[in-house]
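Small disclaimer: the values here were computed from a predicted structure and weren't measured.
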Amino acid sequence: MELNEQQKQAVNYQGEALNILVTAGAGCGKTRTIISRAAQLCSSGTDVSRILIMTFTNRAARELKLRLKAEIGMGASQLQAGTFHAFCLKVMTQLPKSFGLTGLSIIDADDQNSLMVMLRKQLVKTERRARRGLPKSKQLLSYYSYSRNTCRQPREYLMHTTDLEPEDLESCCTLFDQYQAAKQERGYLDYDDLLQLFSDTLEQKPPLRRAVCTLFDEVLVDEMQDTNPIQFSILRHFAAERVRLFCVGDPAQSIYRFRGAEFQHIYQFEQLFGSSTTITLSLNYRSYQEILDLSNWLLSGSSYDYDKELTAVRGTCGYLPRVEDFESAGEEASWIADEIQQRDEQGMALKDMMILYRTGYDAKHLEAELIRRAIPYRFIGGTVLTRSSHVRDVMALLRIVRNERDDLAWMRYLQLWPRIGEKTAQKILQGLTGDTGQQLLGDLTKLLAEHHKAIDAYQATIDQFPVPKKCVTAVIRHLAPVLKERYDNWQQRSKDLELLIRVAENYTSTEEFIDDFTLEPLNDTEILKNSTDDAVTLITVHSAKGTEAPVCFVAGANQANYPHHRSLGDLEAEEEERRVLYVALTRAQNELIITRSSFHRNAFWVSSSPAKGEHYFLSDIPEQLVRRELHGWNPENPGGLGALEDIF
């Protein structure tokens, strides 16, 4: 794999520093650098099984292993690569007693919410008084998750970040304790448990920490800027055992603060780990220099020193990024659709065009226009397949065969069948006293009927459970009739279930299939990503990291979006919004087009003109960096009746 001098310095580093931080700008080949580092370690004698790569998605891990295989051959299959959550789960599954586990089921966000709803109802009923100030279940889970991922005590976190009354704050803490107890009783672990239990146990048991961490000679970390404090604590366990860290990241692309990500970890790297060196990658292979000049200018307006001045390996193209101003969002959408059609007619593939939006809501005008004109498109950042009801029904049956204590899965599965409502399902659940699958089959026969279809499906799942593809196929075959009656749009839903079977083919263990599917929900657009269909991509900026396209439209680039109006007044939040825009701009390979309109759905909160405004990132773009065109709207006089359609 060909490397430039900066990349060679990182890949071949053998100096005195134990830990290496590589700050890699957008499009500067960070994935190539990680793969080459792993290949270099192998060529110098390191056992590939003693290399661990930590990523933020399992898809990224699979891509890394595939590309490494092309470099070193079949030995790459021994490489350990996966997300922080997947790594922690794998270790705890292999050493359950060391982590105090007697069995486990991973529960997703919907299951967490169901459990918290039940506990909250019980608390309110017990206290017998109105609790208008007590947060709803989803907000409770959000508070609790954020406090755990940032390693803060829930009580302290609530006191400093909310305006809850003392009695409501105490109730929140009580619910958090009850939530943890309820999960433990049922053998559940949520996403945060995987990280916290792993890190806390290694902290409490130094011999275990030594045994786990010293299985590896080097840990390579992708997207270092996205680590939150608890993930960071896991890396510190490795560092404490003198395992080398090779971390790659870009502070200018840290956009997950709402998940607890702390991009300043990069700035504090040497202070926190010691014995460290930093190597910078600034040669960009993705974009022309004109696009990078605008991106560099955006970062130069920050109070942070991102130390990023990207240089294009491709040089210049001779034309500047465009800024197109419109009177309304409707006109903006129509113009983008015109541009797409014109380029399509000129022979450009639709898949070579990407439209980036700050939120999915902002894309509604353009979606309607694309549908009206029958322009094929895919939307990324949309529905999560595993949150679809029919898929969750299938997963429920798999889960109860794996863990007979999974009350939430039992309740969902039982209520699939005719004439079984919530109360009846609860009675059946209370009558299930068996500890094994065969004993539970006997209980079900007594409670339902000997040949009830719910029993047949359960039996078939038990019989085929050892083989993932056969098991998933059996579940779908038995549940399809009842699901078809229960849901509309069966043709599309059946395709989702076919996808489940195809995914299951890649697994040797049904337990692993369940865990992976729960840990990293599969987007409905994954089917389209791998298809050969020619379609325009609509994507939210937070879903766009790691993507690129020859032509990119950064749409809805209004003052209320960059920075987002909710961030105003919070300097840290506003600065992250600058990074969100930076990510959007740096997706473009050949051509960058920024579009915006004078009036916007958030116009009541901000000045309506994107040409003015103290906090607007694009208010003072130097004339030499962009080509600008007005479409029926004068920024010096932005009012007018034509824009009212977007407000009323």
Self-check item: Value rounded to 0.5 Å, distance of CD in Glu156 from OG1 in Thr161
Solution: 8.0 Å
Quiz item: Side-chain contact, heavy-atom cut-off 4.5 Å: Asp515 with Arg402?
Solution: yes
Quiz item: Within the side chain of Thr227, is there an N or O that forms a donor-acceptor pair under 3.5 Å with the backbone of Met224?
Solution: yes
Quiz prompt | Short N-O contact, Lys545 and Asp250, less than 4.0 angstrom | solution = no
Quiz prompt | Test log, rule side chain to side chain contact (heavy atoms under 4.5 Å, CB included), inputs Arg578 and Tyr582 | solution = CA-CA 6 Å; Arg578 183 188 301 276; Tyr582 175 78; 5.8 Å; no
Quiz item: Under a 4.0 Å N-O cut-off, is there an ion pair linking Arg392 with Asp111?
Solution: yes
Quiz prompt | Student check: side-chain heavy atoms of Tyr413 and Leu416 closer than 4.5 Å | solution = yes
Practice problem: Measure centre to centre between the rings of Phe176 and Tyr144, then say whether the value is under 6.0 Å. | Solution: yes
Quiz item: Does Ser114 use its side chain to pair, donor to acceptor, with the backbone of Asp110 at less than 3.5 Å?
Solution: yes
Quiz item: According to the salt bridge (charged side-chain N to carboxylate O under 4.0 Å, His left out) rule, which pairs have a member within residues 82-98, sequence neighbours left out?
Solution: none
Exercise. Examine the side chains of Tyr191 and Gln112 and answer whether a donor and an acceptor come within less than 3.5 Å of each other.
Key: no
Practice problem: For Glu185 and Asp407, run side chain to side chain contact (heavy atoms under 4.5 Å, CB included): C-alpha distance rounded to whole Å, both residues' side-chain angles, the deciding distance at 0.1 Å, then the answer. | Solution: CA-CA 10 Å; Glu185 178 185 345; Asp407 293 356; over 6 Å; no
Quiz prompt | Residues that Arg405 engages under side chain to side chain contact (heavy atoms under 4.5 Å, CB included), provided they are two or more places apart | solution = Thr102, Asn403
Quiz item: Quick one: does His542's side chain have a donor or acceptor within less than 3.5 Å of a partner on Tyr256's backbone?
Solution: no
Quiz item: With a 4.5 Å heavy-atom cut-off, do Lys183 and Leu189 have their side chains touching?
Solution: no
Quiz prompt | Residues that Glu577 engages under salt bridge (charged side-chain N to carboxylate O under 4.0 Å, His left out), provided they are two or more places apart | solution = Arg358
Quiz item: Rounded to the nearest 0.5 Å, how far apart are CG of Leu164 and CD of Glu170?
Solution: 11.0 Å
Quiz prompt | Residues which pass side-chain hydrogen bond (donor to acceptor under 3.5 Å, both in side chains) with Glu241, listed by chain and number, not counting sequence neighbours | solution = Arg209
Quiz item: Closest approach of Gln559 and Tyr616, non-hydrogen atoms and distance?
Solution: CA-CD1, 3.2 Å
Quiz prompt | No-hydrogen, no-angle side-chain donor-acceptor test under 3.5 Å, Ser199 and Ser233 | solution = yes
Quiz item: Taking only residues at least two apart or on different chains, which pairs with a member in residues 420-433 satisfy salt bridge (charged side-chain N to carboxylate O under 4.0 Å, His left out)?
Solution: none
Exercise. Kindly give the heavy-atom pair with the smallest separation between Pro229 and Thr150, and that separation in Å.
Key: CG-CA, 3.6 Å
Self-check item: Asp406 versus Tyr188, side-chain donor and acceptor atoms under 3.5 Å
Solution: yes
Practice problem: Take Arg579 and Tyr306, measure what side-chain hydrogen bond (donor to acceptor under 3.5 Å, both in side chains) needs, and give me the verdict at the end. | Solution: CA-CA 10 Å; Arg579 299 193 292 269; Tyr306 289 107; 3.1 Å; yes
Quiz item: Do other residues, nucleotides or ligands put more than 12 heavy atoms under 6.0 Å from the CD atom of Glu165?
Solution: no
Exercise. Indicate yes or no: does Asp393 engage Arg493 in a salt bridge with an N to O separation below 4.0 Å.
Key: no
Quiz item: Are a donor atom and an acceptor atom from the side chains of Ser567 and Glu576 found within less than 3.5 Å of each other?
Solution: no
Exercise. Ignoring hydrogens and angles, tell me if any N or O in the side chain of Asp443 forms a donor-acceptor pair with the backbone of Thr433 under 3.5 Å.
Key: yes
Quiz item: Would you call the rings of Tyr267 and Tyr304 parallel, tilted or perpendicular if under 30° counts as parallel and over 60° as perpendicular?
Solution: parallel
Quiz prompt | Derivation and outcome, ring pair (Phe, Tyr, Trp, His ring centres under 6.0 Å), residues Phe84 and Phe56 | solution = CA-CA 7 Å; Phe84 280 83; Phe56 277 80; 5.7 Å; yes
Practice problem: Supply the atom-to-atom distance Leu538 CG to Asp362 CG, rounded to the nearest 0.5 angstrom. | Solution: 11.0 Å
Quiz item: For the side chain of Arg120 and the backbone of Pro135, is there at least one donor-acceptor N/O pair under 3.5 Å apart?
Solution: yes
Quiz item: How far apart are the closest heavy atoms of Ser145 and Asp192, and which atoms are they?
Solution: OG-OD2, 2.7 Å
Self-check item: Check against side chain to side chain contact (heavy atoms under 4.5 Å, CB included), Val394 and Leu483
Solution: CA-CA 9 Å; Val394 171; Leu483 296 179; 4.3 Å; yes
Quiz item: Which pair of heavy atoms, one from Ile230 and one from Arg148, lies closest together, and at what distance?
Solution: CD1-O, 4.0 Å
Practice problem: Report yes or no: does Trp410 contribute a side-chain atom to a donor-acceptor pair with the main-chain N or O of Glu404 at less than 3.5 Å? | Solution: yes
Quiz item: Within a radius of less than 6.0 Å around CG of Asn489, do more than 12 heavy atoms belonging to other residues, nucleotides or ligands occur?
Solution: yes
Quiz item: Could you give the distance from CD (Glu511) to OG (Ser105), rounded to the nearest 0.5 Å?
Solution: 10.0 Å
Quiz item: Stepwise, does the side-chain hydrogen bond (donor to acceptor under 3.5 Å, both in side chains) test hold for Arg596 with Tyr562?
Solution: CA-CA 11 Å; Arg596 55 191 185 178; Tyr562 297 107; over 6 Å; no
Quiz item: Restricting to pairs with a member in residues 199-208, which pass salt bridge (charged side-chain N to carboxylate O under 4.0 Å, His left out), not counting sequence neighbours?
Solution: none
Quiz item: Where the side chain of Thr586 meets the backbone of Val583, is there a donor-acceptor pair that is under 3.5 Å apart?
Solution: yes
Quiz item: Phe273 and Phe232: which non-hydrogen atoms are nearest, and at how many Å?
Solution: CE1-CZ, 3.4 Å
Quiz item: CG/Leu101 to OG1/Thr201 distance, rounded to the nearest 0.5 angstrom?
Solution: 8.0 Å
Quiz item: Distance only, no hydrogens: is a donor on one side chain within 3.5 Å (strictly under) of an acceptor on the other, for Gln180 and Gln178?
Solution: no
Quiz item: When you look at CD of Gln153, are more than 12 heavy atoms from neighbouring residues, nucleotides or ligands closer to it than 6.0 Å?
Solution: no
Quiz item: Is it true that a side-chain atom of Gln415 and a backbone atom of Met411 form a donor plus acceptor pair closer than 3.5 Å?
Solution: yes
Practice problem: For Asp193 and Asp190, indicate whether the former's side chain and the latter's backbone hold a donor-acceptor pair under 3.5 Å. | Solution: yes
Quiz item: With no hydrogens and no angle check, is any side-chain donor or acceptor of Asn19 less than 3.5 Å from a backbone partner on Leu245?
Solution: yes
Practice problem: For residues Ser295 and Leu585, report the shortest heavy-atom separation together with the two atoms involved. | Solution: OG-CB, 3.7 Å
Quiz item: When rounded to the nearest 0.5 angstrom, what is the spacing between CG in Leu140 and CG in Asn113?
Solution: 9.5 Å
Quiz prompt | Thr55 and Asp222 side chains, donor-acceptor separation under 3.5 Å | solution = no
Practice problem: In sequence, state the C-alpha distance, the side-chain angles, and the governing distance for Leu115 and Arg186, and then conclude on side chain to side chain contact (heavy atoms under 4.5 Å, CB included). | Solution: CA-CA 11 Å; Leu115 190 57; Arg186 294 163 173 79; 4.3 Å; yes
